[in-house]
Novice: 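Okay, handing you the structure first.
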Amino acid sequence: MKVIIAEKPSVAREIARVFGANTKKDGYLEGKGYTFTWAFGHLLQLAPPQEYGFYGWNIRNLPMLPQKFKLSVRKVKTKDGIVEDPAVRKQLDIIQRLFDEATEIIVATDAGREGELIFRYIYYYLKCKKPFKRLWISSQTDEAIKNGFRNLKPGTEYDTLFNSAHCRSQSDWLVGMNATQALSISCGNRSVLSLGRVQTPTLAMICARYLENKNFVPQQYYQVSIQLDKDGQVFKAISAKSYKTKEDAETILEKVEDIASGFPNGGHITSVEAKPRKEPPPLLHDLSSLQQEANKKMGFTAEQTLGILQNLYEGKLITYPRTGSRYIGDDVFAGIPELISKYKDHPEFGKQATFLTGHKLGKRSVNAAKVTDHHAILPTGEPAYQLSGDRQAMFNLVVGRMLESFHQECIKEITKITIESGSTFTASGTVISSAGWRSVFNEADEEKKDEENASLPKVKRDENLPVVDKVLLEKQTKPKALYNEATLLKALETAGKEIEDDELRYAMKDSGLGTPATRAAIIETLIKRDYIKREKKSLLPTDTGLAVYNIVKDQRIAQAELTGSWEKRLEEIRSGASVNEFQEEIRTYTRSITQDLLKSELKVAEPHQPIK
DNA sequence: GCAAGGTC
């Protein structure tokens with residue numbers, strides 16, 4: 001009997017379906033001489049410090065550098081404290097029994113570094129010695145699965161991938177556990193002051209932006225706005241220049257040739273420019289873009305969005321949500337017309353779905369090379385009945401975005417009118433001449449400035465129009481906005497793009513900080529540590545957060561570059577470079593940061609949480 | 001009591 005193990009139940013089910021196996025058993029599926037079982041993500045984790053004899057949080061244990069790491073079963077928090085997750089234990093027992101009976105093991109965890117780690121930790125924990133083959137596919141259509149099975153690779157081909165994954169895992173443990181204990185102990189051991197490769201740069205970004213915002217000195221400046229009348233249609237124009245002093249602006253104001261000053265037609269049109277601008281449809285959603293959108297439109301936190309999406313996914317209404325790709329392959333695209341046609345009667349989207357079934361679809365989101373472990377988020381086409389408000393709203397974002405993505409360009413006409421009336425004024429307005437994808441949600445453009453005109457009348461060069469009103473505008477320069485969940489997620493995704501070192505920037509180019517699956521959890525961790533708090537929609541540092549930031553802000557652990565340098569080395573390990581060398585560097589770094597942190601003091605008198 | 005990674 002051959003055993004296939006997937007990363008999660010949904011993938012095992014898909015593969016089993018392709019094989020025509022449909023006997024359901026407890027923890028696996030069976031049929032056609034195969035069994036199809038699964039993990040639930042990481043079932044095993046690196047064992048905590050006490051399993052190496054490092055008891056309590058004690059300076060004598062630091063730095064903690066286990067000679068050999070152990071694995072332990074994933075834990076879960078209950079009212080009786082932290083215990084082994086019984087569901088995980090049960091699944092491990094099932095996998096063990098299946099492996100024992102297996103003539104061959106086929107690894108079908110996700111095609112990537114963590115997928116490899118998920119399997120290998122199970123394999124080594126169960127002390128399995130049987131050889132295994134690797135299924136390596138990047139989409140889960142029938143054809144891709146069949147093809148993958150015709151091209152199974154020897155398991156050993158992925159040994160270096162496992163090495164890099166294991167190094168990532170150990171390095172995060174060494175740096176995170178030691179830095180956390182060192183900082184907490186040196187600050188009096190009154191509360192957990194955690195540090196880590198991802199959470200600390202994230203905290204630093206929030207703190208730096210907060211301080212920049214708080215210390216920003218706004219500059220006062222002035223402009224003059226006038227209103228013109230074209231056959232009864234009034235529109236706004238604003239002075240081309242802005243002025244540092246009120247006096248300068250008042251001079252300009254007085255020079256305006258408006259009706260009240262005795263000029264019946266004092267607005268002289270000197271130029272009219274109209275340019276069409278094409279706006280391509282947006283890409284399909286990945287998790288991060290959907291979290292950002294749901295935060296902007298509905299105010300959901302990243303964690304709430306993830307929870308709702310997981311729920312829709314378990315109800316088979318949407319495809320896998322924790323994806324980092326905004327593309328689909330040609331195989332999935334082939335099914336899109338049929339999928340869209342299922343929404344022809346949808347109360348909100350029916351009209352656009354019907355429109356699209358009669359038109360050639362845009363292919364901006366179709367690119368097989370940009371599909372990694374999972375493709376972009378799509379509805380499955382299953383009918384969705386009586387969803388709760390939140391789930392319905394989220395589902396609509398997914399369906400709506402699908403329609404947008406395969407829709408046509410939006411064509412806008414951007415008009416700029418220049419007017420002389422004592423000095424130079426400009427009026428601008430944007431008119432949508434063909435809505436294209438924008439007709440799906442039919443929402444107003446987000447970033448419309450105050451001075452923009454919703455529509456402009458048709459005017460010609462050399463026309464003279466009456467100026468019916470004029471006003472002095474007092475304005476201030478604005479600081480960069482504080483982070484909210486949407487902008488922070490975006491910043492985490494693009495973290496590393498500003499790194500000067502070409503190699504480090506390259507190493508981070510596809511990753512950023514954290515992963516789609518973990519970013520919501522990172523934000524929640526910072527909140528749980530009382531490092532940051534939500535205030536309205538913004539994320540603000542607390543006094544504790546700022547104090548920790550002050551201690552570590554110049555250290556490598558507070559910088560995205562640390563991830564860049566690890567990613568570079570991990571990629572080298574994947575292509576065969578020495579594991580020991582990197583591990584030794586990490587140990588050296590762990591010793592040094594532990595030493596540094598043990599000297600620190602928390603310079604804030606904030607109330608601490610008692611130790612549990 | 002700690003990391004970051006994955007998932008139900």
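Protein chains get the first letters and strands the later ones, always in sequence-line order, with residue 1 at the start of each.
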Novice: When we call it a touch if two heavy atoms are under 4.0 Å apart, what does A:Tyr313 touch: a base, just sugar-phosphate, or nothing?
Specialist: sugar-phosphate

Novice: Can you tell me how far P of B:dG1 sits from CG of A:Asp530, to the nearest Å?
Specialist: 18 Å

Novice: Which nucleotide sits closest to the side chain of A:Gln50: B:dA3, B:dT7, B:dC2?
Specialist: B:dC2

Novice: So, under a plain 3.5 Å distance rule, would you say the side chain of A:Gln181 forms a donor-acceptor pair with the base of B:dC2?
Specialist: yes

Novice: Calculate the interatomic distance between A:Asn311 atom CG and B:dT7 atom P; express it in whole Å.
Specialist: 17 Å

Novice: Give A:Gly514 one of three labels, base, sugar-phosphate or nothing, depending on what nucleic acid heavy atoms sit under 4.0 Å from its own.
Specialist: sugar-phosphate

Novice: Has A:Arg168 got a side-chain N or O lying under 4.0 Å from the OP1 or OP2 atom of B:dA3?
Specialist: no

Novice: As a test of understanding, state which of A:Glu116, A:His166, A:His42 forms a side chain to side chain donor-acceptor pair (under 3.5 Å) with A:Tyr121.
Specialist: A:His166

Novice: Would you say B:dG5 has OP1 or OP2 under 4.0 Å from some side-chain N or O of A:Thr518?
Specialist: yes

Novice: Base, sugar-phosphate, or nothing for A:Pro49, non-hydrogen atoms under 4.0 angstrom?
Specialist: base

Novice: DNA chain B: A:Gly196 or A:Gly41, which has the more 5' nearest nucleotide?
Specialist: A:Gly196

Novice: From CG of A:Leu513 over to P of B:dG5, roughly how many Å is that when rounded to an integer?
Specialist: 9 Å

Novice: Report which part of the nucleic acid A:Val192 touches: base, sugar-phosphate, or nothing (heavy-atom distance under 4.0 Å, all strands).
Specialist: base

Novice: Taking the side chain of A:Thr525 as heavy atoms from C-beta outward, which of B:dG5, B:dG1, B:dA3 is closest to it?
Specialist: B:dA3

Novice: Side chains of A:Ser10 and A:Glu14: any donor to acceptor distance under 3.5 Å?
Specialist: no

Novice: For B:dG1, is there a stacking contact with A:Trp57, counting only centres under 5.5 Å and planes under 30°?
Specialist: yes

Novice: Could you tell me the separation between the CZ atom of A:Phe54 and the P atom of B:dG1, rounded to a whole number of Å?
Specialist: 18 Å

Novice: Base, sugar-phosphate, or nothing: which does A:Gln310 touch, judged by heavy atoms less than 4.0 Å apart?
Specialist: base

Novice: What about A:Asp172, does its side chain sit under 3.5 Å from the base of B:dG5 through a donor-acceptor pair?
Specialist: no

Novice: Hey, which sits more toward the 5' end of DNA chain B by its nearest nucleotide, A:Pro516 or A:Trp173?
Specialist: A:Trp173

Novice: Contact class for A:Arg529 vs. all strands (heavy atom < 4.0 Å): base, sugar-phosphate, or nothing?
Specialist: sugar-phosphate

Novice: Tell me whether the side-chain N/O atoms of A:Arg190 come closer than 4.0 Å to OP1 or OP2 in B:dG1.
Specialist: no

Novice: Describe the nucleic acid contact of A:Leu46 in one word from base, sugar-phosphate, nothing, applying a heavy-atom distance below 4.0 Å.
Specialist: base

Novice: Look at A:Arg322 and B:dC8 and indicate whether a side-chain polar atom (N or O) is within less than 4.0 Å of OP1 or OP2.
Specialist: yes

Novice: Can you confirm whether or not the ring centre of A:Trp38 sits under 6.0 Å from the ring centre of A:Tyr28?
Specialist: no

Novice: Below 4.0 angstrom from OP1 or OP2 of B:dA3, is there any side-chain N or O of A:Ser194?
Specialist: yes

Novice: In chain order, what residues pass the salt bridge (charged side-chain N to carboxylate O under 4.0 Å, His left out) check against A:Lys127, with sequence neighbours excluded?
Specialist: none

Novice: Considering the options A:Val398, A:Val332, A:Thr323, A:Ile318, which one meets the side-chain contact (heavy atoms from CB on, under 4.5 Å) requirement together with A:Leu378?
Specialist: A:Val332

Novice: For B:dA3, does OP1 or OP2 lie under 4.0 Å from any side-chain N or O of A:Gln199?
Specialist: yes

Novice: Would you mind telling me which of A:Tyr123, A:Phe99, A:Phe162 makes a ring-ring contact (aromatic ring centres under 6.0 Å, His included) with A:Phe132?
Specialist: A:Tyr123

Novice: Send over the distance from A:Ile557 CD1 to B:dC2 C1', rounded to a whole Å.
Specialist: 12 Å

Novice: Which whole-number value in Å describes the distance from A:His42 NE2 to B:dA4 P?
Specialist: 14 Å

Novice: Verify whether one side chain among A:Asp110 and A:His374 offers a donor that lies under 3.5 Å from an acceptor in the other.
Specialist: yes

Novice: Reckon A:Asp110 touches a base, only the sugar-phosphate, or nothing at all at heavy-atom distances under 4.0 Å?
Specialist: sugar-phosphate

Novice: Using whole Å, what does the distance between atom P of nucleotide B:dC2 and atom NZ of A:Lys75 come to?
Specialist: 14 Å

Novice: Of the listed nucleotides (B:dT7, B:dC2, B:dA3), which one gets closest to any side-chain atom of A:Pro48?
Specialist: B:dC2

Novice: Please report, rounded to the nearest Å, how far the C1' atom of B:dG5 is from the CD atom of A:Gln170.
Specialist: 14 Å

